[in-house]
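Have a look at the structure below before the remarks.
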Amino acid sequence: MQEDDFSQVEASLSCARNELLTVGSLLLNEPSCCPSLAAARAADAAFRAALEAVALESLAGVAVLRMVEGPPASAAPTAGSIPQEADGSKGADNKKGGDKKKDKKGAGGVVLGKGTALVRAFVEGAAAGGPGSVLPVTPAEPPAAASLAAGCLGPQALAAVTAALDPLHSAALDQVMVELRSCVEANQARRKPKVAKGARDFMPDQMAIREAAFNIITSVFKRHGAVSIDTPVFELRETLMGKYGEDSKLIYDLAGGELLSLRYDLTVPFARYVAVNSVGNIKRYHIGKVYRRDQPQMTRGRFREFFQCDFDVAGAYATMVADSEVVKVLVEILQDLQLGEFEIKLNHRKLLDSMMEIAGVPPQKFRAICSAIDKLDKEPWEAVRSEMIEEKGLPDAVADSIGDFVVLRGEPMALLDKLSSPDHPFTQHPASREAMEELRLLFKYLTAMNALGPVVLDLSLARGLDYYTGVIYEATLKGGNVGSIAAGGRYDTLVGMFSSKDVPAVGVSIGIERVFAIMEAKVRERAAAQGQPVRATETEVLVASIGNDMQVKRMEVANMLWGAGVNAEFGFKPNPKMGDQLNYALEQAIPFIVLFGDEELNAGCVKVKDMGEKTEDKVPLQNLTSDLNRRLQIRRAQSGLLPPKQEC
């Protein structure tokens with residue numbers, strides 16, 4: 001296209017833009033005795049202007065494609081016929097095994113894909129007056145000859161394409177949409193599948209590590225007397241909306257039928273469960289998947305689909321008693337998982353509200369400012385301060401006053417004594433005085449349960465979720481780069497949002513994906529140091545044989561071991577080679593092999609190979625289960641992974 005052509009396109013776009021502005025003015029300002037008719041006319045005019053803008057862009061796009069593609073072939077494609085090159089089929093002159101990269105090149109440098117060729121054929125045909133027509137560019141002419149002056153993008157072509165794009169009056173548009181859908185579906189069948197963004201597949205060895213983490217976490221929950229419940233993976237949209245502050249935009253909505261959304265966490269569904277089932281007191285745990293339409297950061301353990309492990313106590317109890325046990329549960333889990341040194345940052349929602357009131361934040365902006373403060377673990381104070389001033393509309397002095405508070409963190413009792421001094425602003429505020437009294441009681445209880453050590457009182461901790469009303473906390477690994485691995489707090493009014501009665505509650509949620517990333521790295525490092533693979537199975541014994549026709553006997557021996565509670569495999573090959581069986585045991589880190597052939601069976605015994613000790617012993621077949629259980633019990637006790645197994 002020449003410079004004059006682009007000028008005319010720009011002028012046409014400007015005209016369409018002015019039409020849209022005129023339509024907007026018509027909608028807002030036209031005095032009429034029949035406003036509904038005026039609105040309908042304005043809406044129709046807006047629709048026509050939008051169609052014309054799309055048509056103009058389509059024509060400009062076709063012209064650019066022509067410039068890039070070069071002179072057209074002798075027969076242009078129509079909406080029902082695709083060029084052979086675009087279809088991927090070979091012409092008569094094509095040679096089998098030719099250069100695929102060269103095949104991608106056309107006379108002018110490129111060959112269009114199926115979908116693009118369909119759309120171009122449709123637009124060209126409409127612009128030239130009917131199906132099968134093309135824009136007036138001949139092979140002898142340079143691409144620039146396809147100019148507005150020649151009429152290919154003139155008013156008549158624009159009007160024709162606009163009419164063709166009208167979904168109310170264009171049968172051709174329906175036909176091309178059907179063909180485009182068929183094209184997309186055909187491509188999907190050939191396209192290599194992939195995992196959706198923000199999700200992932202788990203390999204067998206990864207699942208073994210994750211199940212170990214679940215077992216550790218669940219054992220702590222049960223140790224404290226919690227019961228298990230389950231709730232649907234989706235809820236009514238109204239159940240979830242308005243509970244997560246600015247994060248409500250991350251909720252996944254489901255299409256069709258009822259207005260439903262995938263659950264964002266396990267806490268709101270639990271509150272709904274308590275309200276619907278009229279539960280007064282419950283100590284429950286729940287492990288399940290949740291979904292967030294977030295920007296994934298796979299290396300930092302941030303996904304769109306992930307597990308949460310929740311522990312909550314609902315019911316009216318003495319102040320800080322339930323809160324202290326929840327924090328104790330969190331401490332025990334992080335200690336038992338052996339992730340490394342950790343800290344639990346703790347704050348109180350009433351301290352946050354008092355802090356903002358003292359600083360001069362308007363009440364209607366409390367939650368918005370809390371969401372900004374909550375970013376301090378990811379962003380420097382300067383960035384958070386800028387957001388408060390420029391986006392939230394706080395005066396500079398108010399933001400600076402908040403900054404004087406959020407820098408305060410330290411050993412719980414020492415910092416609490418400092419905040420309780422007579423000259424501190426918190427002592428002059430009723431809500432903050434109440435919060436400090438509750439925190440002092442909480443720290444007393446945690447000391448009694450030997451759980452205060454990793455706790456840090458941190459006034460920058462905000463937790464942006466709307467439903468928190470009291471103590472809030474968040475666990476992080478020292479020196480780690482995975483963000484928080486657990487968080488929670490008190491939410492006394494959340495259940496009341498679903499019923500006429502408030503049920504106080506407090507809980508904690510373990511982010512298993514981030515925990516799993518740390519555990520996986522440690523397990524793989526330990527396995528590499530020992531020169532062993534990460535075990536994907538819990539097989540303890542491989543039943544192997546020497547010679548032919550031993551599969552039935554291997555099945556009988558394996559069945560005997562299964563009946564005694566021994567994890568065993570027998571192999572599916574009818575006549576496996578000894579080398580293959582030995583390699584499988586090594587690859588899977590199976591500790592014992594039970595081996596036999598005709599000689600052993602005739603003597604009524606088998607051989608037991610200890611793969612770790614590299615020893616081999618003959619054992620009478622009738623004593624095999626007791627012998628293996630003894631060996632496995634010793635091995636478990638030595639490994640420290642499991643308590644010694646009691647024999648029946």
Side-chain angles (χ1 to χ4, degrees), residues 196-199 227-296 302-316 349 352-353 362-372 374 392 462-470 472 487-511:
K197 185 177 180 181
V227 297
S228 177
I229 69 164
D230 195 16
T231 59
V233 74
F234 53 83
E235 297 277 351
L236 292 174
R237 190 176 302 169
E238 63 189 41
T239 299
L240 303 181
M241 297 308 294
K243 313 297 190 304
Y244 303 105
E246 294 185 353
D247 285 347
S248 292
K249 63 180 180 292
L250 304 181
I251 293 175
Y252 272 109
D253 293 331
L254 301 180
E258 274 187 304
L259 297 179
L260 303 173
S261 299
L262 294 177
R263 61 189 179 197
Y264 178 91
D265 64 5
L266 300 178
T267 306
V268 172
F270 171 60
R272 193 268 309 150
Y273 169 92
V274 171
V276 169
N277 294 283
S278 302
V279 177
N281 299 292
I282 187 173
K283 183 191 292 184
R284 82 89 168 89
Y285 73 90
H286 187 185
I287 297 177
K289 286 186 175 182
V290 298
Y291 300 85
R292 297 181 184 179
R293 200 175 58 200
D294 204 351
Q295 188 61 33
R302 176 173 290 181
F303 299 89
R304 288 177 170 174
E305 178 195 60
F306 56 95
F307 273 96
Q308 282 189 339
C309 307
D310 279 25
F311 176 89
D312 293 80
V313 180
R349 204 60 187 254
L352 277 169
D353 290 348
Q364 64 271 21
K365 292 187 177 182
F366 278 14
R367 293 297 173 256
I369 299 304
C370 272
S371 296
D374 194 39
K392 312 295 186 185
R463 302 293 298 150
L465 304 182
D466 283 355
Y467 52 68
Y468 287 124
T469 59
I472 52 177
R490 173 161 286 278
Y491 49 98
D492 286 345
T493 60
L494 183 57
V495 176
M497 295 182 182
F498 305 111
S499 67
S500 58
K501 178 184 177 182
D502 280 332
V503 178
V506 61
V508 66
S509 178
I510 315 296

My understanding is that only residues two or more places apart in sequence, or in another chain, count here; which of them pass side chain to side chain donor-acceptor pair (under 3.5 Å) with Tyr252?
none
Qualifying residues under salt bridge (Lys or Arg N to Asp or Glu O under 4.0 Å), relative to Glu238, sequence neighbours excluded
none
If you compare all heavy atoms of Ala275 against all heavy atoms of Phe498, which two are closest, and at what distance to 0.1 Å?
CB-CB, 3.6 Å
Step-by-step side chain to side chain contact (heavy atoms under 4.5 Å, CB included) determination, Ile251 to Arg293:
CA-CA 6 Å; Ile251 293 175; Arg293 200 175 58 200; over 6 Å; no
In short, Tyr467 meets Lys243 closest at the heavy-atom pair CD2-O, 3.3 Å
Can you list the residues that meet the side chain to side chain contact (heavy atoms under 4.5 Å, CB included) rule with Leu259, with sequence neighbours excluded?
Arg237
Partners of Asp310 by salt bridge (Lys or Arg N to Asp or Glu O under 4.0 Å), sequence neighbours excluded?
none
Nearest 0.5 Å, what's the CG-CG distance between Leu236 and Leu260?
6.0 Å
Please list, chain by chain and in numerical order, all residues satisfying ring-ring contact (aromatic ring centres under 6.0 Å, His included) with Phe234, sequence neighbours excluded.
none
Any side-chain heavy atom of Thr267 within less than 4.5 Å of one from Leu494?
yes
Thr469: side chain to side chain contact (heavy atoms under 4.5 Å, CB included) partners, not counting sequence neighbours
Arg490, Asp492, Thr493
Which heavy atom of Gly288 sits nearest a heavy atom of Leu266, and at what distance?
N-CD1, 3.9 Å
Residues in salt bridge (Lys or Arg N to Asp or Glu O under 4.0 Å) contact with Asp502, at least two apart in sequence or another chain
none
Residue pairs, two or more places apart or on separate chains, that pass side-chain hydrogen bond (donor to acceptor under 3.5 Å, both in side chains) and touch residues 270-279:
Glu235-Arg272
Can you name the salt bridge (Lys or Arg N to Asp or Glu O under 4.0 Å) partners of Asp230, sequence neighbours left out?
none
Mind checking the OG-CZ spacing from Ser228 to Arg284? Nearest 0.5 Å is all I need.
8.5 Å
Taking every non-hydrogen atom, the tightest pair across Cys370 and Ala462
O-CB, 3.3 Å
Would you please test Ile229 and Phe270 for side chain to side chain contact (heavy atoms under 4.5 Å, CB included) and show each step?
CA-CA 9 Å; Ile229 69 164; Phe270 171 60; 3.9 Å; yes
By side chain to side chain contact (heavy atoms under 4.5 Å, CB included), Gln295 pairs with (sequence neighbours left out) Lys197, Arg304
Taking atom CD1 of Ile510 and atom CZ of Phe307, what is their separation to the nearest 0.5 Å?
15.0 Å
Scan side-chain atoms only and decide if Tyr285 and Asp312 contain a donor-acceptor pair under the 3.5 Å cut-off.
no
Taking ring-ring contact (aromatic ring centres under 6.0 Å, His included) as the definition, give me every residue that meets it alongside Phe311, ordered by chain and number, with sequence neighbours left out.
Phe221
From Leu240 CG over to Ser261 OG, what is the distance, rounded to the nearest 0.5 angstrom?
5.5 Å
Can you give me the closest heavy-atom contact between Val274 and Ala314, atom names plus distance?
CG2-CB, 4.5 Å
For Met497 and Val268, what are the C-alpha separation, side-chain angles and deciding distance, and is it a side chain to side chain contact (heavy atoms under 4.5 Å, CB included)?
CA-CA 10 Å; Met497 295 182 182; Val268 172; over 6 Å; no
Sequence neighbours excluded, which residues qualify as side chain to side chain contact (heavy atoms under 4.5 Å, CB included) partners of Lys249?
Glu246
Write down the atom of Gly198, the atom of Pro296, and the distance for their closest heavy-atom approach.
CA-CG, 3.6 Å
Answer yes or no on whether Arg263 is positioned over the face of Tyr291, meaning its NZ or CZ is under 6.0 Å from the six-membered ring centre and within 45° of the axis.
no
